[in-house]
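Here the structure comes first, spelled out in structure tokens, and everything after it is commentary.
Naming convention: chains lettered A, B, ... in sequence-line order (proteins, then strands); numbering from 1 in each chain.
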Amino acid sequence: MDFSKILTKWYLQNKRDLPWRNTVNPYYIWLSEIILQQTRVNQGLAYYEKFIVTFPTVFDLAKANENTILNLWQGLGYYSRARNLHFSAKYIVNEQDGKFPTTYKDILKLKGVGDYTASAIASICYNEPHAVVDGNVYRVLARYYGIDIPTNSTEGIKLFKKLAQELIDLKDPATFNQAIMEFGAIQCKPKNPDCTICPFQNSCKAKEEKRVEILPIKDKKIKVTKRFFNYIVLISPTDRTLLNQRKQKGIWMNLYQFPLIETSKEIDISELIKMDELHEITNTSNNDISLFNKKPIIHKLSHQHLTVKFWVINSGKEIENSIPISEFDKYPVPILIHNFAEAYF
DNA sequence: GACCCGTGGCA
DNA sequence: TTGCCAAGGGT
């Protein structure tokens with residue numbers, strides 16, 4: 001039996017029952033694929049269910065406010081996915097008469113859709129034989145063929161796409177694509193795969209050479225920037241607080257947060273009260289300041305380590321442009337801010 | 001081509 | 001505790 005045959009047989013016996021596997025509606029498949037980018041199935045599942053209930057059609061998604069969409073996306077990370085999803089929904093409705101693109105080439109034009117996602121949608125919904133290459137596929141192929149070319153190098157990206165494209169079952173690309181990803185997720189796992197029950201145990205190059213644990217190779221470690229955040233949580237006598245929207249490019253774009261004072265190192269209260277930025281925010285000589293978290297919160301993002309302090313200030317008077325604390329949940333916020341609010345409010 | 005973008009699970 | 005990595009894509 002060839003690779004595709006063995007793989008498909010394994011898949012039909014071992015696949016999970018996932019909601020997006022019961023439809024070929026391109027809108028639903030698109031939603032699921034965007035949600036699952038760089039995200040584990042278990043983490044994305046609840047978000048998929050929320051989205052299809054809240055936005056049953058692309059028209060519902062297109063006409064929603066961005067805040068509503070970001071609010072539903074809250075906690076999932078990589079928020080540009082949500083902004084691009086909204087942008088593309090509006091494009092489909094306003095410029096394509098609400099009709100989802102039907103070819104790989106046209107699907108690829110959607111913002112937030114790259115080669116992987118276009119291949120997934122085109123194969124699952126329209127039976128186009130474009131091979132998907134995600135983290136699972138890199139791992140399966142690197143091990144099966146014993147390839148130590150870095151998967152994130154230009155050469156690697158090209159090579160693995162070519163290999164996947166050669167292997168794909170032209171008669172049923174949808175099943176092949178989902179099978180190889182599922183195989184990578186369940187059987188050919190990153191750590192401690194049980195090769196004794198693998199259907200490829202007699203043909204896998206990495207198994208033969210005892211290199212399963214070291215493959216695939218990935219080069220370049222990402223540089224992590226350290227930043228120091230001081231959030232100023234103003235509380236008015238009538239239980240109102242101040243939120244700002246992050247408009248600049250960078251992390252958490254378009255999400256909300258408390259007024260932020262960023263410093264080059266950790267600061268204490270004596271340093272804080274000397275800062276002009278603080279007085280611009282409080283609009284008064286400060287009086288009632290307390291630190292919420294005695295030990296700074298270390299919030300780790302893929303490229304940044306944040307050291308965060310929440311400074312709570314009772315303003316003693318009304319706050320301009322403030323919002324009722326009771327309406328806090330209406331605003332999309334980073335999980336860091338959400339966790340603070342959960343604990344404090 | 002290099003760098004940026006979140007969050008959570010796991011060993 | 002730390003590093004890895006997850007159904008990637010944009011700039």
Worksheet entry | Between C:dT11 and B:dT7 - C1' atom distance, rounded Å | 22 Å

Check: residues 326-345 of chain A side-chain donor-acceptor pairs under 3.5 Å, at least two apart:
from: A:H338; atom 1: ND1; to: A:Q74; atom 2: NE2; distance (Å): 3.3
from: A:N339; atom 1: ND2; to: A:I335; atom 2: O; distance (Å): 3.3

Item to complete: Answer with base, sugar-phosphate or nothing: what part of the nucleic acid does A:N177 contact at a heavy-atom distance below 4.0 Å?
Response: nothing

Worksheet entry | Pair A:N71, A:T68: side-chain N/O donor-acceptor within cut-off below 3.5 Å | no

Item to complete: Could you please spell out the steps behind the side chain to side chain donor-acceptor pair (under 3.5 Å) verdict for A:R227 and A:T263?
Response: CA-CA 7 Å; A:R227 301 174 72 180; A:T263 49; over 6 Å; no

Discussion item. Using whole Å, what does the distance between atom P of nucleotide C:dG8 and atom CD1 of A:I35 come to?
Written reply: 13 Å

Practice prompt. Would you indicate what A:I335 reaches in the nucleic acid, counting non-hydrogen atoms under 4.0 angstrom: base, sugar-phosphate, or nothing?
Written response: sugar-phosphate

Worksheet entry | Salt-bridge contact A:R83-A:E66 (side-chain N to carboxylate O under 4.0 Å) | no

Discussion item. Please determine whether ring-ring contact (aromatic ring centres under 6.0 Å, His included) holds for the pair A:F55 and A:Y27, giving the CA-CA distance in whole Å, both sets of side-chain angles, and the decisive distance to 0.1 Å.
Written reply: CA-CA 10 Å; A:F55 309 115; A:Y27 170 65; 8.6 Å; no

Item to complete: For A:Q37 and C:dG10, give me the distance from atom CD to atom C1', rounded to whole Å.
Response: 11 Å

Fill in: Span that lies between the P atom of C:dA7 and that of B:dA11, in whole angstrom
15 Å

Discussion item. Measuring only the C1' atom in each nucleotide, how far is B:dG1 from C:dG9? A whole number of Å is fine.
Written reply: 15 Å

Item to complete: Could you tell me whether a side-chain N or O of A:R139 sits under 3.5 Å from a main-chain N or O of A:P216, the two making a donor and an acceptor?
Response: no

Discussion item. Can you confirm if the aromatic rings of A:Y48 and A:W20 lie within a centre distance of less than 6.0 Å?
Written reply: yes

Worksheet item: For A:N192 and A:T39, take the nucleotide of DNA chain B holding the closest heavy atom to each; which residue's nucleotide lies nearer the 5' end?
Response: A:T39

Discussion item. Distance check needed: C:dG9 P versus A:R81 CZ, whole Å only.
Written reply: 11 Å

Fill in: Smallest separation among heavy atoms of A:D115 and A:K161, with atom names
OD2-NZ, 2.9 Å

Item to complete: Using a heavy-atom cut-off of under 4.0 Å over every strand shown, decide if A:W20 touches base, sugar-phosphate, or nothing.
Response: base

Worksheet item: 5' to 3' on DNA chain B, which nucleotides open and close the contacts with chain A (atom under 4.0 Å from a heavy atom)?
Response: B:dG1 to B:dG8

Worksheet item: Going by the angle between their ring planes, with limits at 30° and 60°, are A:Y231 and A:F310 parallel, tilted or perpendicular?
Response: parallel

Are there any protein N/O atoms within less than 3.5 Å of an N/O atom in nucleotides 3-5 of chain C, and if so, which ones and at what distance?
from: C:dC5; atom 1: O2; to: A:R40; atom 2: NH2; distance (Å): 3.4

Worksheet entry | d(NE2, A:H303; C1', C:dG8) in whole Å | 13 Å

Discussion item. For a quick check of understanding: with a heavy-atom distance under 4.0 Å over all strands, which category does A:Q304 fall into, base, sugar-phosphate or nothing?
Written reply: sugar-phosphate

Response to the item:
Separation of C:dA6 atom C1' from A:Y47 atom OH, nearest Å, is 15 Å

Worksheet entry | A:V113 or A:R16, whichever maps to the more 5' nucleotide of DNA chain C | A:R16

Listing, residues 176-195 of chain A side-chain donor-acceptor contacts under 3.5 Å, not counting sequence neighbours, or none:
from: A:N177; atom 1: OD1; to: A:V132; atom 2: N; distance (Å): 3.1
from: A:N177; atom 1: ND2; to: A:S123; atom 2: OG; distance (Å): 3.0
from: A:N177; atom 1: ND2; to: A:H130; atom 2: O; distance (Å): 2.9
from: A:Q178; atom 1: NE2; to: A:A174; atom 2: O; distance (Å): 3.4
from: A:E182; atom 1: OE1; to: A:R16; atom 2: NE; distance (Å): 3.4
from: A:E182; atom 1: OE1; to: A:R16; atom 2: NH2; distance (Å): 2.8
from: A:E182; atom 1: OE1; to: A:R21; atom 2: NH2; distance (Å): 3.1
from: A:E182; atom 1: OE2; to: A:R16; atom 2: N; distance (Å): 2.9
from: A:E182; atom 1: OE2; to: A:R16; atom 2: NE; distance (Å): 2.9
from: A:E182; atom 1: OE2; to: A:R21; atom 2: NH1; distance (Å): 3.2
from: A:Q187; atom 1: NE2; to: A:D194; atom 2: O; distance (Å): 2.9
from: A:D194; atom 1: OD1; to: A:T196; atom 2: N; distance (Å): 3.2
from: A:D194; atom 1: OD1; to: A:T196; atom 2: OG1; distance (Å): 2.5

Worksheet item: Rounding to a whole Å, what distance do you find between A:W30:CH2 and C:dG9:P?
Response: 14 Å

Worksheet, complete the sentence: Per side chain to side chain contact (heavy atoms under 4.5 Å, CB included), A:N314 is matched among A:D288, A:I289, A:V233, A:L234 by A:D288

Worksheet item: Just to confirm, is there a sub-4.0 Å distance from OP1 or OP2 of C:dG8 to any side-chain nitrogen or oxygen of A:Q38?
Response: yes

Worksheet item: Which part of the nucleic acid does A:S32 contact within heavy-atom distance under 4.0 Å: base, sugar-phosphate only, or nothing?
Response: nothing

Worksheet entry | Residue-level proximity of residues 247-259 of chain A to DNA chain B when a heavy atom falls under 4.0 Å | A:G250, A:I251, A:W252

Discussion item. What contact category does A:G44 fall into here, base, sugar-phosphate, or nothing, at under 4.0 angstrom with non-hydrogen atoms?
Written reply: nothing

Discussion item. Quick check for you: to the nearest 0.5 Å, what is the distance between A:L255 atom CG and A:Y79 atom OH?
Written reply: 5.5 Å

Fill in: Option from A:D172, A:D169, A:L167 for which side chain to side chain contact (heavy atoms under 4.5 Å, CB included) with A:S4 holds
A:D169

Item to complete: Check DNA chain C against residues 125-137 of chain A and give the residues with a non-hydrogen atom under 4.0 Å, in numerical order.
Response: A:D134, A:G135, A:N136

Worksheet item: Do A:Y78 and A:Q37 have a side chain donor and acceptor closer than 3.5 Å?
Response: no

Worksheet item: Passes side chain to side chain donor-acceptor pair (under 3.5 Å), A:Y138 versus A:N152? Steps please.
Response: CA-CA 9 Å; A:Y138 282 127; A:N152 57 347; over 6 Å; no

Discussion item. Rounding to an integer number of Å, can you tell me how far A:L108 CG sits from C:dG8 P?
Written reply: 16 Å

Discussion item. For A:Q43 and A:G114, find the nucleotide of DNA chain C closest to each by heavy atoms; which residue's nucleotide sits nearer the 5' end?
Written reply: A:Q43

